[in-house]
Amino acid sequence: MTSIEHVLSDLNEPQRQAVTSTQGPLLILAGPGSGKTRVITHRIAYLVGHDDVAPWRILAVTFTNKAAREMRQRVEARLGDVARDVVLGTFHAICARFLRTDGQHAGIDRSFTIYDDADQVAVIKRVAEDMNINTRQVPERAILSAISRAKSELISAYDFASTTHEYFTEVVARSYERYEQVLAANNALDFDDLIVRTVNLLRDHAPTREKYQDRFLHVLVDEFQDTNIAQYQLARLLAAKFGNICVVGDPDQSIYSWRSADIRNILDFERDFPGAQIVLLEQNYRSTQTILDAAHAVISGNEQRKEKALWTDRGEGEPIVMFEAYDERDEAQFVAAEVASLTKHGMRLQDIAVMYRTNAQSRALEEALIGAGIPYQLVGGTRFYERREIKDVLAYLRLVHNPFDAVAFTRVANVPGRGVGEKTMEQFQRWAATLGLPLYAALQVLAAQQDGNITPEIARMPRHPLAARQATALRGFLGIIDELIALAPDNPLSVLVGGLLDRTQYRRYLFDEPGRGAGEDQQSEAEARWANVQELAAYAAEFDGLAGGEGLAAFLENAALVSDADEMAEGDDAAGRATLITLHSAKGLEFPVVFMIAMEDGVLPHVRSFDTPAQMEEERRLCYVGMTRAKERLYLLRAFRRYGGGASQHNPASRFLRDIPPSLVSARADASEPQEPMRYRAPAPRDDRPEVPGSDAFHGGERVRHPKFGEGVVVGCKTSGGDQEVTVSFKGVGLKTLSLSIAPLERL
DNA sequence: ATACACGCGCTTTTT
DNA sequence: GCGCGTGTAT
């Protein structure tokens with residue numbers, strides 16, 4: 001066991017305690033730079049090496065995919081290949097996996113699609129339209145975030161409806177119910193569902209619960225301060241049998257309460273697990289004492305806080321630099337000039353990061369850096385997976401995987417343009433809605449009607465309202481989808497992607513469609529877009545090893561759950577480039593040199609946080625997170641005037657700057673008056689959800705599976721004599737009318 | 001009547 | 001990058 005001795009020898013005393021206290025609940029409060037990741041990876045190594053825990057019986061949850069990957073690498077460095085067996089990932093990725101394997105016990109189809117933010121907006125838009133909600137008065141975003149908040153507190157649509165008495169929440173309640181129906185009809189889960197449905201699955205299905213509870217001897221949760229109630233309940237459920245739950249977090253770095261992260265989880269932990277050990281990691285190995293003192297001065301302004309005193313033996317270091325520029329361009333030029341000067345003195349570009357509150361602020365910086373010839377990498381911003389061409393291709397792939405996905409359907413039904421305009425889609429959608437069918441199933445009905453392929457079922461349905469030209473245009477789309485569906489099962493994913501690009505003529509669409517201009521700009525834009533598509537195709541090829549359908553499923557899951565911050569360049573790719581990054585994305589990272597720009601009231605703290613003290617405290621934590629990223633040098637910049645929201649305006653210096661003792665700063669300008677905040681809203685209570693009533697007869701829109709034809713949706717159903725005849729729209733097959741006595745259908 | 005290109009204004013933070 | 005309004009093409 002010399003390797004274990006070795007593992008422990010390079011830890012300080014509290015760290016060692018955090019690593020070796022393997023029995024029972026443990027709360028690790030870890031300040032920034034206190035070796036938190038080290039402690040977690042060492043702990044996993046210790047569990048395997050010293051306690052003889054099988055790696056596959058350890059569950060470690062992180063906040064980002066990037067953190068998960070990094071952790072896996074570091075565990076691998078200690079343990080070798082067995083590290084692969086540790087279950088390690090984000091809450092969302094882990095839950096997605098659980099639901100793919102065991103979701104059927106909670107009525108979840110294996111081929112479910114994961115809806116990202118944009119997909120959710122598309123759904124809620126339709127919902128609002130259907131329900132005559134004025135989205136000027138009640139914006140979609142507001143409805144969506146209320147729904148998300150409810151879900152993250154495990155409040156179902158049913159519960160929500162029963163607790164509401166004001167206009168806004170009533171609108172939300174009605175939308176929530178409808179939203180859930182639409183998601184179900186599309187065979188889709190949103191991000192919150194991944195967690196909520198897993199919690200429900202474990203709670204309601206004993207065999208699955210026991211399977212996972214028996215399996216996970218140890219549960220570790222990183223960034224615990226950023227978990228929401230549903231995530232905490234999930235961790236609790238999973239650790240319930242052995243009680244070995246270790247959570248690591250720092251309340252001072254909680255910056256995701258707007259995403260329903262709940263600081264109460266840390267407080268509740270001590271209540272839920274009485275006698276839990278608590279370890280405080282206060283020695284900082286990252287920053288100079290000057291930086292720590294300044295950061296501490298800022299965070300001390302928060303009242304809702306447990307005191308934690310960071311210290312370092314790294315010495316005082318350089319004073320903090322403050323600078324007031326004239327405007328944002330001037331500010332960006334200061335950054336560029338300073339970066340140039342630092343590199344002249346031996347600093348490497350990859351050691352430098354510029355941080356800001358909102359993504360839009362990267363613009364001026366990019367211009368200045370380009371102007372100064374300084375290479376940079378932009379984290380976040382317009383993300384790869386949010387590009388139009390990428391979303392188009394993904395929408396096609398999603399349809400192949402799950403043709404009942406209405407969001408994907410409407411996105412690409414007319415991409416490339418095939419004469420299916422707004423009016424056509426509107427009429428078609430309305431008709432599909434009166435049939436109560438998914439768009440894909442309705443399109444199959446339409447095809448049958450146009451071909452005069454009329455079964456009694458179809459004869460009873462209203463005929464589609466489209467002109468022949470419109471109907472034919474839509475059928476062209478159906479043809480493509482069905483061809484691709486036929487291609488999918490027996491071919492590697494890259495063949496499917498190739499077939500899709502080929503069949504849709506996507507390249508020609510990119511280069512020709514904007515058409516007649518033929519200017520150089522247009523040409524290069526098309527080339528850039530095509531390059532993105534190629535990149536996506538290359539990425540898809542990495543899934544070729546998996547059998548047809550599995551590759552597609554894994555690829556789509558990845559695309560939905562991976563963010564660009566995860567993809568942040570490291571090692572060779574990062575060499576020679578400065579980093580531009582939001583304060584939120586910067587959490588967990590460190591750089592020798594950090595610039596924080598726009599240190600102004602209205603930006604940091606953000607205007608939208610002036611309403612409540614809780615929000616203001618979160619802004620302060622965000623500032624603290626940014627400052628504590630810096631190892632050696634910290635620059636705090638602001639501008640006299642800034643162009644925000646159309647007009648240029650003057651922002652007072654950030655109130656956070658006033659808390660930094662002048663002795664730590666090399667140059668300083670005065671700050672001005674603060675503003676005072678107000679009330680805050682208590683969360684709604686939680687309760688159990690109702691049982692779904694069952695029925696024997698099949699009804700329209702219901703999802704079924706047939707041993708030969710695969711998955712489908714019931715289009716119509718009639719009883720003749722003792723038998724039931726059901727017409728079903730099958731994925732890639734078309735309409736089939738079946739006698740239940742001959743061909744039993746499995747309800748999904 | 002319908003489809004589509006183009007210009008304008010807006011965007012807190014993200015799994 | 002998206003929604004919206006406007007003008008032009010089929």
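Within every chain, numbering begins at 1; the chains are lettered A, B, ... in the order of the sequence lines, protein sequences first and strands thereafter. Predicted model, so just to flag it, every value in this text is computed and none were measured.
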Just how far, in rounded Å, is [atom2] of [N] from [atom1] of [X]?
X: N228(A); N: dT15(B); atom1: CG; atom2: C1'; value: 10 Å
X: E422(A); N: dG3(C); atom1: CD; atom2: P; value: 10 Å
X: Q427(A); N: dA3(B); atom1: CD; atom2: C1'; value: 13 Å
X: H584(A); N: dT13(B); atom1: NE2; atom2: P; value: 9 Å
X: L144(A); N: dT11(B); atom1: CG; atom2: P; value: 18 Å
X: F428(A); N: dT2(B); atom1: CZ; atom2: P; value: 17 Å
X: D117(A); N: dG1(C); atom1: CG; atom2: C1'; value: 13 Å

Give a yes/no answer on whether the side chain of [X] brings an N or O atom under 4.0 Å of OP1 or OP2 in [N].
X: T424(A); N: dT2(B); answer: no
X: T64(A); N: dT14(B); answer: no
X: K66(A); N: dT15(B); answer: no
X: R141(A); N: dC2(C); answer: no
X: N359(A); N: dT13(B); answer: yes

> Relative to F63(A), does K587(A) satisfy both conditions: NZ or CZ under 6.0 angstrom from the six-membered ring centre, and within 45 degrees of the ring's axis?
Replying inline: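 Satisfied, under 6.0 Å and within 45°.
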>> Regarding K587(A), tell me which of base, sugar-phosphate or nothing describes its non-hydrogen contacts under 4.0 Å with the strands shown.
In response: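 No contact.
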> Of all the choices, dT13(B), dT15(B), dC2(C), which nucleotide is nearest to the side chain of T582(A) once you look at every atom?
Replying inline: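 Among the listed nucleotides, the one closest to the side chain of T582(A) is dT13(B).
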>> Measuring from the side chain of R411(A) (C-beta onward, heavy atoms only), which nucleotide among dC2(C), dC4(B), dT15(B) has the closest atom?
In response: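 Nearest nucleotide to the side chain: dC2(C).
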>> F409(A): which residues meet the ring pair (Phe, Tyr, Trp, His ring centres under 6.0 Å) condition with it, sequence neighbours left out?
In response: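 For F409(A), the residues satisfying ring pair (Phe, Tyr, Trp, His ring centres under 6.0 Å) (neighbours in sequence not counted) are F477(A).
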> Would you call R620(A)-E617(A) a salt bridge at under 4.0 Å N-O?
Replying inline: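 No, R620(A) and E617(A) are not salt-bridged.
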> Taking NZ, NE, NH1 and NH2 as the nitrogens, is one of them in D222(A) or K36(A) under 4.0 Å from a carboxylate oxygen of the other?
Replying inline: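 Judged by the 4.0 Å cut-off on N to carboxylate O distance, D222(A) and K36(A) do form a salt bridge.
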> For DNA chain B, whose closest nucleotide is more 5', that of Q615(A) or that of F63(A)?
Replying inline: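 Result of the comparison: Q615(A).
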> Just wondering, do F91(A) and dT15(B) stack (centres under 5.5 Å, planes under 30°)?
Replying inline: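 According to the criterion (under 5.5 Å, under 30°), no, F91(A) does not stack.
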